Amino acid sequence: MKYLLVLAFLFAQFTFADFNTTLITDRLERPWGLAFLPDGRYLVTERVGRLRIVDNKGKISAAVTGLPDISVVGQGGLLDVVLHPDFSSNQWIYLSYAAGSDGKYNTEVVRAQLVNNALINTQKIFTALPKVSGGRHFGSRLVFDNAGYLYISLGDRGQRQQSQNLQSHHGSVIRLHDDGRIPEDNPFANQPDSLPEIYSYGHRNIQGMALHPKTGEVWAHEHGPQGGDEINIVVKGSNYGWPVITYGAEYGSGFKIGEGTQKAGMKQPVYFWDPSIAPSGMAFYKDDLLVGALKFQLLSRLKIKGEAVIKEDRLFARQFGRVRDVKISPSGNIYLLTDANRGRLVKLTAQ
């Protein structure tokens, strides 16, 4: 409870006057993930199964070739993209996506080298297991930490009890070397009854993950059910409680889920939202944490002090649409992707 702040204050409504805004394009189809190429162009995933390169004038490339087989099912499809920390010298990019056959799917991750408008030397480095039916809760964000480890966020695939099962990848954060090898110091690497890729567990559906620029900690947010969207700091070997503890409730009925909001041995969130905002995408900006919201179509700006959220402001309510991803460019500008059939890439520059 030390860092827990309940959403209980009024939110300032910011407008376009606080930022210069530039619409790069509004012709992306269900964009999901964004990365910045060294030459100033943008690498954008479309959930419908395409990877695009967009230039500063909004010109969208033909679909990048060489992608793996992607299953566009429910919330799944082509999801996140991240560059290797040494991309300028090795051209590796990483993609997360839904994949499967015979009606059973889960999240997979590949790396490949981006050459012109094609992927080459594609290598599958992770497959979440078990693969199950349904189209819910694939995660899935990708983040490199300062030591070069790759973190992969996974959803519970709608099978909530599996988030407490260390023999299932559902509802976990995965930590790997850049080539897919399992780090020897992963918390469950030497436990025969656990999957060695798991770094933390007890999550519901993480769709936002970012590296703290000062501490190097991995922060993540996850969708709760009705209420109970959470922000957490990802700590090695920790259990974040879903579905045993949650600040959310069953959809529709509002009935209690699990055993309450706290239990010994299970982490409390840094912050939670009630009502839910349906968060997606997250980035640190100066001393703030920016979180996109699908439900209220806004950008949540959280003032961070240490490991506590001390204030929230809500920006651009219903100005852009459903904010799917938030990224900060190397030059320090904010970029938003919106989730729509004509999804937008928007640049925000503080005045």
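All figures in this text were calculated on a predicted structure; none of them were measured in a lab.
The distance from atom OG of Ser331 to atom NZ of Lys347, rounded to the nearest 0.5 Å, is 6.0 Å. With rounding to the nearest 0.5 angstrom, the CG atom of Leu51 is 10.0 Å from the OG1 atom of Thr65. Between the NE2 atom of His203 and the NZ atom of Lys267 there is a distance of 11.0 Å, given to the nearest 0.5 Å. With rounding to the nearest 0.5 Å, the separation of CD1 in Ile231 from NE2 in His221 is 7.0 Å. Considering OG of Ser140 and CG of Asp80, their distance stands at 6.5 Å, rounded to 0.5 Å. We find the CD-OG1 distance between Gln268 and Thr261 to be 6.0 Å, quoted to the nearest 0.5 Å.
Among Arg50, Arg342, Arg344, Arg52, the single residue meeting the salt bridge (Lys or Arg N to Asp or Glu O under 4.0 Å) criterion with Glu29 is Arg50. When Phe316, Phe320, Tyr335, Tyr285 are each tested for a ring-ring contact (aromatic ring centres under 6.0 Å, His included) with Phe19, only one passes: Phe316.
Residues Ala128 and Asn106 come closest through the heavy atom pair O-CB, 3.3 Å. Closest heavy-atom contact between Ala99 and Ser71: CA-OG, 3.5 Å. Pairing each heavy atom of Tyr94 with each of Asp178, the nearest pair is OH-O, 2.7 Å. Closest of all the heavy-atom pairs between Ala249 and Gly254 is CB-O, 3.5 Å. In this structure, Tyr97 and Asp69 approach most closely via the heavy-atom pair CE1-O, 3.6 Å. Residues Leu78 and Glu46 share a closest heavy-atom pair of CB-O, 3.4 Å.
Proximity of His84 to Ser89: side-chain heavy atoms (C-beta onward) are nowhere separated by under 4.5 Å. Annotation: side chain of Tyr201 is not in contact with side chain of Pro187 (no heavy-atom distance under 4.5 Å). You'll find the side chain of Arg111 reaches within 4.5 Å of the side chain of Asp179, heavy atoms only. In this structure the side chain of Val132 never reaches within 4.5 angstrom of the side chain of Lys104, judged on heavy atoms. Under the 4.5 Å side-chain criterion, counting only non-hydrogen atoms from C-beta, Thr215 is not in contact with Glu307. Within the 4.5 Å cutoff, the side chain of Asp274 has no heavy atoms near those of the Tyr247 side chain. Within the 4.5 Å cutoff, no side-chain heavy atoms of Leu95 are placed close to those of Ile70. Two residues are said to be in side-chain contact when any heavy atoms from C-beta on lie closer than 4.5 Å; Ile328 and Ile334 meet this criterion.
The cationic atom of Arg318 (NZ for Lys, CZ for Arg) does not lie both less than 6.0 Å from the six-membered ring centre of Phe296 and within 45° of the ring axis. Judged by the 6.0 Å distance and 45° axis criteria, Arg47 is not positioned over the aromatic ring of Trp32.
Between the side chain of Ser194 and the backbone N or O of Leu166 there is no donor-acceptor pair closer than 3.5 Å. Remark: side-chain polar atoms of Glu197 are not paired, donor with acceptor, to backbone N or O of Arg175 under 3.5 angstrom. Using modelled atom types, no side-chain atom of Ser168 and backbone atom of Asn165 make a donor-acceptor pair closer than 3.5 Å. Between the side chain of Gln159 and the backbone N or O of Asp156, no donor-acceptor pair lies under 3.5 Å. The backbone N or O of Gly202 sits nowhere less than 3.5 Å from a side-chain atom of Ser163 that would complete a donor-acceptor pair. In terms of modelled atom types and a separation under 3.5 Å, the side chain of Asn121 and the main chain of Ala112 share no donor-acceptor contact. Side-chain atoms of His223 come within 3.5 Å of backbone atoms of Pro279 as a donor-acceptor pair (strictly under, hydrogens ignored). Remark: the backbone N or O of Leu290 is not paired with any side-chain donor or acceptor of Asp288 at under 3.5 angstrom. Distance alone, capped at 3.5 Å, places no donor-acceptor pair between the Asn146 side chain and the Gly216 backbone. Panel note: side chain Ser172, backbone His169; a donor-acceptor pair is recorded below 3.5 Å.
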### Derivation and outcome, side chain to side chain contact (heavy atoms under 4.5 Å, CB included), residues Gln207 and Arg324
CA-CA 9 Å; Gln207 289 193 350; Arg324 171 59 74 183; 2.8 Å; yes

### Query
Should Gln167 and Asp193 be marked as a side chain to side chain contact (heavy atoms under 4.5 Å, CB included) after you check the CA-CA gap, both sets of side-chain angles, and the distance that decides it?
CA-CA 7 Å; Gln167 294 180 322; Asp193 59 345; 4.1 Å; yes

### Task
Start with the C-alpha gap between Glu222 and Trp242, add the side-chain angles, then the distance that decides, and say whether side-chain hydrogen bond (donor to acceptor under 3.5 Å, both in side chains) holds.
CA-CA 10 Å; Glu222 60 190 83; Trp242 175 255; over 6 Å; no

### Query
How far apart are the C-alpha atoms of Arg160 and Arg204, what are their side-chain angles, what is the distance that settles it, and do they pass the side chain to side chain contact (heavy atoms under 4.5 Å, CB included) test?
CA-CA 7 Å; Arg160 56 180 64 170; Arg204 185 171 182 267; 5.6 Å; no

### Task
Run the numbers on Leu37 and Leu114 for side chain to side chain contact (heavy atoms under 4.5 Å, CB included), then give the verdict.
CA-CA 10 Å; Leu37 293 169; Leu114 178 65; 4.0 Å; yes

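In the hydrophobic clustering of this structure, Tyr240 does not group with Val173; members are Ile, Leu, Val, Met, Phe, Trp, Tyr whose side-chain heavy atoms approach within less than 4.5 Å, directly or through other members. No single ILVMFWY cluster, assembled from side-chain heavy atoms under 4.5 Å apart, contains both Leu195 and Val235. Tracing side-chain contacts under 4.5 Å through hydrophobic residues (I, L, V, M, F, W, Y), one reaches Val44 starting from Ile60; they form part of the same cluster. Under a hydrophobic clustering in which Ile, Leu, Val, Met, Phe, Trp and Tyr are joined whenever their side-chain heavy atoms come within less than 4.5 Å, directly or via other members, Val110 and Val64 fall into the same cluster. In this structure, Val270 is a member of the same hydrophobic cluster as Phe284, with clusters built from ILVMFWY side-chain heavy atoms closer than 4.5 Å.
The closest side-chain donor-acceptor pair between Arg141 and Ser153, if any, does not fall under 3.5 angstrom. For Tyr271 and Asp229, the side-chain atoms include no donor-acceptor pair closer than 3.5 Å.
The environment of CG in Asp102 is sparse: at most 12 heavy-atom neighbours from other residues, nucleotides or ligands sit within 6.0 Å. More than 12 heavy atoms of other shown residues, nucleotides or ligands fall within 6.0 angstrom of atom CG in Asp185. Heavy-atom contacts from other residues, nucleotides or ligands closer than 6.0 Å to CZ of Phe255 number 12 or fewer. At most 12 heavy atoms of other shown residues, nucleotides or ligands fall within 6.0 angstrom of atom CG in Asn116. Around the NZ atom of Lys327, the shell of radius 6.0 Å holds more than 12 heavy atoms that belong to other residues, nucleotides or ligands. Heavy atoms from other residues, nucleotides or ligands lying under 6.0 Å from NZ of Lys59 number 12 at most.
Tyr149 has its ring centre no less than 6.0 Å from the ring centre of Tyr199.
Using bins of under 30°, 30° to 60° and over 60° for the plane-to-plane angle, the ring pair Trp219/His212 lands in the tilted bin.
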